[in-house]
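Take a look at the structure below.
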Number of protein chains: 2
Amino acid sequence: MVIGLDIGGANIKWASDKGSHGILYCPLWKDKGMDNLEKMLVELKDSLLPEDSRKVGVVMSGELADCFDTLTKGVISIAGVCERVFPDSVFLSMDGTFEDIAGVRDKPMKFAAANWMASALLVGRTFQDCVLVDMGSTTTDIIPLKEGVATARTDIERLANSELVYSGVLRTPAACLTSSVLLRGHRHLLAREFFATMGDVYTLLGWMDLSSYPWETADLRGKGQKECATRLAKLVCSELNELSIGEVKDMAKQLMEAQVYEISTAIERALSAHNLSMVVAAGLGEHLIAKACEEMGVECVLMAEKIGESSLSLPSHSLTMLLP
Amino acid sequence: MVIGLDIGGANIKWASDKGSHGILYCPLWKDKGMDNLEKMLVELKDSLLPEDSRKVGVVMSGELADCFDTLTKGVISIAGVCERVFPDSVFLSMDGTFEDIAGVRDKPMKFAAANWMASALLVGRTFQDCVLVDMGSTTTDIIPLKEGVATARTDIERLANSELVYSGVLRTPAACLTSSVLLRGHRHLLAREFFATMGDVYTLLGWMDLSSYPWETADLRGKGQKECATRLAKLVCSELNELSIGEVKDMAKQLMEAQVYEISTAIERALSAHNLSMVVAAGLGEHLIAKACEEMGVECVLMAEKIGESSLSLPSHSLTMLLP
């Protein structure tokens, strides 16, 4: 049996080569985050069938969580927990090679935020020349592939090349995407406060059903449309007594457009810089990416049509396919 | 003795007509926030000299906190706590009149976010025609005064008129103010995550000493320059091993400029819309406002030069002067 683990700052994503997979909400930056990570991995291990031979591949991006003094310490801590629970863990580096825990301790920064490289390696086997766009709960990876190969880059390099758009479908604070919305004919400045997230936007617009996805709302209240609208109304210091649902939906639409516009710009840049013409979309937001591509007149392949729900956790799924 | 109370979502600000005053960190949206409010008010009461006659004036903006189902319920709850601790409390409405708890229960929305009106009434006694700009930890009020009078407006109306810029010196998430920074000659997109606040920016730039001000940092770590720089580096998914302090300071400068630009634009709009030519600046960020005015070539009076540290909590100070 082969297991793939993708340890993010907010979620653990896992997959097996038998087709099982899951997403566990595990915010590392919160109290006892790292203890919870270990506990959840132990539970995951116990839930799997006992096997004599088991390979575990690991990628991560959780080293950026606030609980770590430095990225290096974060990488080593996360790898250490994985290795304690699954002693036979191997870790994918930015160079595309698997190494054991000793390799991680030797050059930890090679393993920081290398999770997108797992996806790039797998997708590059099928689609030689494309831009892989994986829109998740928190970030959107925009990965140019030429002859099946992606260039190794750190996160800061990817931000500088618009290959990492740090905004996603669920956790992103909605007030970070634009400074104002048009409402009742007037531009309204937004409250720069953690009142609402993009999950509220997509729920209210009916774009996706996020109720089964692990998602901590901004006010820790429910995920229904009315609760989402209430949170969004707060972005203009208001509420549903003062604004109609239609008005809040119109606000939500503008927030969606601001997010999609930024991602579309980054996709266009990647297509043009690398002389590419096709997008492969994956992740929780792949239908948004497909819509953006349609508007840009760009061919778009949906990973969900190839691998089903595994598209939601492409890096961990990829690990199960990549491990020898 | 006259006491002024300004109950915000994050801070209680109080002042007395004897010149004493204080700021207490009390995040209402957190666990037991309202219990803490009551406890802190009781402690404040106990710390004051017992007096036969005591007047207490209250304004608020904390009704927007996530612990309340609606603004109306928030106003009534906050007023209720104030009245339990100080039974002789009176509440300032948006119309500029003081009413007792029965008045609040009758028309609660008249008392929502009316704290800036206290300041407007006081400043209007001295400066007939000006734009009062009170830049606090979380928001910046931009209040046009004509012949000493400000127009009553709700928060949503003020957002639509750029009279409320919901961004401040301390608590504002730094990733909400601009989508990218220029670093090493390249535009870097920012991580839309709650990694750093504007307090980190102003501390790192040496603009103000915030160490004595109640301030919960994004990662709950310290307030030193290195800790602030570490948080800011995370906005480009980086750290101080990878970026120099000079580079992070340059990022901080761009974030400051983005914030000041937006506020300057709002001030210019208020000056021009109401044919005014002078600014009166108050609050934690009043020196930033003074600098912005200098760059715009607009006369600026600093409240700190008139009332000293009371400028940091102008609404509660104003209440002590306004109460008959």
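Throughout, protein chains are lettered first and strands after them, A, B, ... in sequence-line order, and every chain is numbered starting at 1.
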* **Audit row: B:Leu189, A:Glu262, side chain to side chain contact (heavy atoms under 4.5 Å, CB included) steps and yes/no** => CA-CA 10 Å; B:Leu189 293 173; A:Glu262 188 178 62; 3.9 Å; yes
Measuring only between side-chain heavy atoms, which start at C-beta, is [X] closer than 4.5 Å to [Y]?
X: B:Leu243; Y: A:Ile156; value: yes
X: A:Phe195; Y: B:Asp66; value: yes
X: B:Arg192; Y: A:Arg171; value: no

What part of [X] gets closer than 4.5 Å to chain B, counting heavy atoms only: side chain, backbone, both or neither?
X: A:Val165; answer: both
X: A:Thr138; answer: side chain
X: A:His188; answer: both
X: A:Glu157; answer: neither
X: A:Leu220; answer: neither

* To do: Show your reasoning for whether side chain to side chain contact (heavy atoms under 4.5 Å, CB included) applies to A:Arg221 and B:Asp69.
  => CA-CA 10 Å; A:Arg221 296 183 184 218; B:Asp69 289 337; 2.4 Å; yes
* So what's closer than 4.5 Å to chain A heavy atoms on B:Leu190: side chain, backbone, both or neither? -> backbone
* Asked: Would the number of heavy atoms belonging to other residues, nucleotides or ligands and lying under 6.0 Å from OH of B:Tyr25 be above 12?
  -> yes
* To the nearest 0.5 Å, what is the distance between CH2 (B:Trp29) and CD (A:Glu193)? -> 6.0 Å
* **B:Arg187 CZ to A:Asn161 CG distance, which is reported to the nearest 0.5 Å** => 14.0 Å
Of all the heavy-atom pairs spanning [X] and [Y], show the shortest one and how long it is.
X: A:Leu64; Y: B:Lys234; value: O-NZ, 2.6 Å
X: B:Leu71; Y: A:Cys237; value: CD1-O, 4.1 Å
X: A:Glu242; Y: B:Thr154; value: OE2-OG1, 4.1 Å

* Asked: Picking from B:Ala233, B:Cys67, B:Ser61, B:Ser167, which has the most non-hydrogen pairs under 4.5 angstrom with chain A?
  -> B:Cys67
* Asked: Out of A:Ser238, A:Ala175, A:Ala112, which one racks up the most heavy-atom pairs below 4.5 Å with chain B?
  -> A:Ala175
* Asked: Knowing that exactly one of A:Leu164, A:Asp155, A:Leu159 qualifies, which makes a side chain to side chain contact (heavy atoms under 4.5 Å, CB included) with B:Val236?
  -> A:Leu159
